[in-house]
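To find a chain, count down the sequence lines: A is the first, B the second, and so on, and within it residues start at 1.
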Amino acid sequence: MPELPEVETVKCGLQAVLEGRTLNRVIARRTDLRFPLPDGFGQMLSGHKVVAVARRAKYLLLHMDNAVVLIWHLGMSGRVRIFTTPPPPEERHDHIIFETDHGVTIRFNDTRRFGFMDLCDEAALADHAMIAKLGPEPLDPTFDAAALAGRLKGRKTPIKAALLDQTVVAGLGNIYVSECLFHAGISPRRSAHTVQGGRCEKLIVAIRQVLNAAIAAGGSSLRDHRQTSGELGYFQHQFVVYDKAGQPCKGCDCQGGSIEQIVQSGRSTYFCPRRQT
DNA sequence: CTACCATCCTGGTTGC
DNA sequence: TGCAACCAGGATGGTA
C-alpha cells in the first residue's frame with residue numbers, strides 16, 4: 001500500500017488514540033514478518049506509555065516512555081485498523097495487535113508480510129540501519145529546488161528511478177512518482193542530472209502539491225490501503241496517469257495525446273510522452 | 001556508478 | 001470452469 005501520504009494518514013489515526021496512552025497488551029500472532037520480530041518485543045512495549053507517534057519517510061515511529069522507539073514499516077500490503085469499541089473477530093493476516101489502557105485495539109494486518117517492526121533505543125534512532133541512509137523529507141520546507149538539484153546532480157539514472165531511491169528523497173513510491181513527473185512535465189526517462197533549474201522548480205512544486213493533496217484525501221486506496229477507521233482513501237480519483245495506459249491525457253495542451261505505460265527497473269511507469277519531455 | 005534481476009509473500013486478475 | 005502465469009503500492013542484495 002503505502003507511500004508517504006498513506007503512512008501519514010495512518011500516523012494521524014494512531015496519534016489520536018495512542019499519544020499519552022499506555023499499551024496494556026502487545027500480541028504477536030506471527031513473528032515472521034519481513035524480518036523476525038525482535039526478542040522481547042512485547043515486554044519492551046507493554047506497560048509503557050506512548051509519548052509520541054511520528055513518521056519518517058514511509059516509517060511509523062512510536063516513541064515510548066522508556067526511551068524505546070518502535071520502528072514500523074507497512075511494506076506493500078500493510079494495513080492498520082483502530083477499534084475504539086470491542087473489535088470484531090481477528091482476520092487472517094492480523095499479525096500484531098496492540099491494546100491500550102482505554103480500551104482501544106489496534107491491529108496490523110499485512111497479507112504479504114513485506115512489512116516489519118523493530119525496536120531501537122531513542123538515542124540510536126538516527127543510526128538505525130533503516131533510518132540512517134534516508135534522504136530528506138519531500139515536504140520539509142528546506143527541501144527546495146536547490147536541494148533537489150543538488151541531490152540529482154551527477155546521477156545518470158532516469159529521473160523516475162532517482163525519485164524512487166529513498167536516499168535521494170524519502171517517501172515517494174511508484175504511484176506518486178508517476179503523478180509528480182506528469183504534473184512537472186518531465187519525462188520519466190530523462191536523466192536525473194538533467195533535471196536542474198526550472199525543471200527542478202516545477203518538480204518541487206509538483207511533489208508538494210501531489211503529496212499534500214493526497215494526504216488531504218486520506219491517501220489512495222487501490223488494493224490494500226484503508227484509513228485507520230476502515231474508510232477508503234480517495235486520492236486515487238485524482239490520479240492523472242497512474243494505471244491509465246491508453247486513456248486520453250488530461251493535460252490541457254495535449255490535444256489527443258494518450259497515457260503510455262513503460263517498465264523502468266522492473267516497475268510500471270505511466271506518462272504522457274507529449275506533455276512530458 | 002548503473003542497469004537489470006531475483007527475492008521475500010499472498011492473492012487478485014488475465015489469458016489460454 | 002480450471003489452472004497457470006503474471007502482476008501488485010517496497011526495499012535489498014547480487015551480477016555484469
Side-chain angles (χ1 to χ4, degrees), chain A residues 1-11 29-37 55-60 71-80 91-96 108-118 128-135 138 151-181 188-194 210-211 214-215 217-227 232-246 261-270:
Chain A
M1 95 182 227
E3 302 183 33
L4 186 151
E6 289 73 37
V7 180
E8 180 69 16
T9 298
V10 171
K11 184 204 82 176
R29 300 180 70 221
R30 283 193 82 135
T31 58
D32 55 336
L33 306 183
R34 178 172 178 203
F35 305 116
L37 221 53
R55 178 189 61 73
R56 171 75 173 104
K58 301 174 191 173
Y59 294 86
L60 290 163
I71 300 171
W72 185 358
H73 196 291
L74 303 179
M76 290 268 265
S77 56
R79 291 186 197 179
V80 179
E91 291 178 22
R92 178 148 155 68
H93 299 290
D94 286 342
H95 302 315
I96 311 289
F108 175 48
N109 182 291
D110 183 8
T111 50
R112 293 174 72 178
R113 279 185 286 130
F114 284 6
F116 64 92
M117 293 185 184
D118 197 10
H128 189 278
M130 313 305 297
I131 302 290
K133 289 184 289 187
L134 292 173
R151 304 191 75 82
L152 296 177
K153 205 173 159 189
R155 294 191 182 250
K156 291 187 179 169
T157 197
I159 185 67
K160 159 81 186 299
L163 294 177
L164 280 180
D165 182 341
Q166 302 295 298
T167 69
V168 171
V169 54
L172 297 177
N174 202 45
I175 292 179
Y176 292 105
V177 166
S178 275
E179 293 295 312
C180 291
L181 286 172
R189 294 184 171 125
R190 173 177 282 278
S191 280
H193 74 278
T194 70
V210 168
L211 293 183
I215 291 167
S220 303
S221 292
L222 293 188
R223 295 163 189 82
D224 299 302
H225 173 65
R226 295 290 182 281
Q227 304 191 55
L232 300 173
Y234 47 93
F235 188 72
Q236 66 278 10
H237 303 303
Q238 295 178 55
F239 289 168
V240 190
V241 290
Y242 182 78
D243 206 20
K244 297 200 179 294
Q261 176 178 6
I262 59 174
V263 175
Q264 293 179 291
S265 28
R267 315 198 62 195
S268 288
T269 302
Y270 301 86

Please write out each protein N/O paired with an N/O of nucleotides 14-16 of chain C under 3.5 Å, distance rounded to 0.1 Å.
none

All N/O pairs under 3.5 Å across the protein-nucleotides 7-9 of chain B interface:
{"unit_1": "dC9(B)", "atom_1": "O4'", "unit_2": "Arg112(A)", "atom_2": "O", "d": "3.4"}
{"unit_1": "dC9(B)", "atom_1": "O3'", "unit_2": "Arg113(A)", "atom_2": "NH2", "d": "2.7"}
{"unit_1": "dC9(B)", "atom_1": "O2", "unit_2": "Arg112(A)", "atom_2": "NE", "d": "3.0"}

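For the side chain to side chain donor-acceptor pair (under 3.5 Å) test, no residue two or more places apart in sequence or in another chain qualifies with Arg189(A). In this structure, the side chain to side chain donor-acceptor pair (under 3.5 Å) partners of Thr269(A), at least two apart in sequence or on a different chain, are Lys160(A), Gln264(A). In this structure Asp243(A) satisfies the salt bridge (Lys or Arg N to Asp or Glu O under 4.0 Å) test with no other residue, sequence neighbours excluded. By the side chain to side chain donor-acceptor pair (under 3.5 Å) test, Arg29(A) pairs with Glu90(A), sequence neighbours left out. For the ring-ring contact (aromatic ring centres under 6.0 Å, His included) test, residues two or more places apart in sequence or in another chain that qualify with Tyr242(A) are Phe239(A), Tyr270(A). Remark: Arg34(A) engages no residue in a salt bridge (Lys or Arg N to Asp or Glu O under 4.0 Å) (not counting sequence neighbours). Shown here are the ring-ring contact (aromatic ring centres under 6.0 Å, His included) partners of Phe35(A), two or more places apart in sequence or in another chain: Phe116(A). In this view, Ser265(A) satisfies the side chain to side chain donor-acceptor pair (under 3.5 Å) rule with no residue, not counting sequence neighbours.
At the heavy-atom level, Tyr242(A) lies under 4.0 Å from the strands shown only through sugar-phosphate atoms. Counting any heavy atom pair closer than 4.0 Å across all strands shown, Gly115(A) reaches no nucleic acid atom. Contacts of Gly266(A) with the nucleic acid, taken as non-hydrogen atoms under 4.0 Å apart, are absent.
Heavy-atom contacts from other residues, nucleotides or ligands closer than 6.0 Å to CD of Gln238(A) number more than 12.
The heavy-atom pair separating Gly115(A) from Asp110(A) by the smallest distance is N-OD2, 2.9 Å.
Separation of the P atoms belonging to dA5(C) and dA6(B) is 15 Å when rounded to the nearest angstrom. For dC5(B) and dC6(C), the P atoms lie 14 Å apart once the distance is rounded to whole Å. Across dT12(C) and dG11(B), the matching C1' atoms stand 23 Å from one another, rounded to whole Å.
For dG10(C), neither phosphate oxygen OP1 nor OP2 lies less than 4.0 angstrom from any side-chain nitrogen or oxygen of Gln166(A). Put simply, Lys58(A) has a side-chain N or O that comes within less than 4.0 Å of OP1 or OP2 on dG10(C). Dashed line: the shortest gap from a side-chain N or O of Ser77(A) to OP1 or OP2 of dG9(C) is not under 4.0 Å. The shortest distance between the side-chain N/O atoms of His73(A) and the OP1/OP2 oxygens of dG10(C) is not below 4.0 Å.
If you take CG of Leu60(A) and P of dG10(C), they are 15 Å apart, rounded to a whole angstrom. Distance CG (Leu33(A)) to C1' (dT12(C)): 17 Å, rounded to an integer number of Å. Atom CD in Gln264(A) sits about 13 Å away from atom C1' in dC4(B), given to the nearest Å. When rounded to the nearest whole Å, the span between NZ of Lys156(A) and P of dC4(B) equals 15 Å. Rounded to an integer number of Å, the gap from Arg267(A) CZ to dG10(C) P is 4 Å. Rounded to a whole Å, the CZ atom of Arg226(A) is 17 Å from the P atom of dG9(C). dC7(C) atom P lies 15 Å from atom CD1 of Ile262(A), rounded to whole Å. The separation between Tyr59(A) atom OH and dT12(C) atom C1' is 10 Å, rounded to whole Å.
We find that Arg113(A) and Asp32(A) are joined by a salt bridge, their nearest charged nitrogen and carboxylate oxygen being less than 4.0 Å apart. Ion pairing between a basic and an acidic side chain is recognised when a charged N comes within 4.0 Å of a carboxylate O; Asp94(A) and Arg30(A) show no such pairing.
With distances taken from any side-chain atom of His93(A) to the nucleotides dT2(B), dG10(C), dT10(B), the minimum falls on dT10(B). Of the candidate nucleotides dA11(C), dT10(B), dG9(C), dG9(C) has the atom nearest to the side chain of Asn174(A).
Here the straight-line distance linking atom NZ of Lys133(A) with atom NE2 of His128(A) works out to 12.0 Å at 0.5 Å rounding.
Using a 4.0 Å cutoff on non-hydrogen atoms, the parts of residues 157-165 of chain A near DNA chain B are Thr157(A), Pro158(A), ordered by number.
For Gln166(A) (side chain) and Leu172(A) (main-chain N/O), a donor-acceptor pair under 3.5 Å exists by modelled atom type.
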Run the side chain to side chain contact (heavy atoms under 4.5 Å, CB included) check on Leu163(A) and Leu181(A) step by step: do they pass? CA-CA 10 Å; Leu163(A) 294 177; Leu181(A) 286 172; 3.9 Å; yes
DNA chain B base-pair string [pairs: Watson-Crick or G-U under 3.5 Å; |: paired with another strand]: .|||||||.|||||||
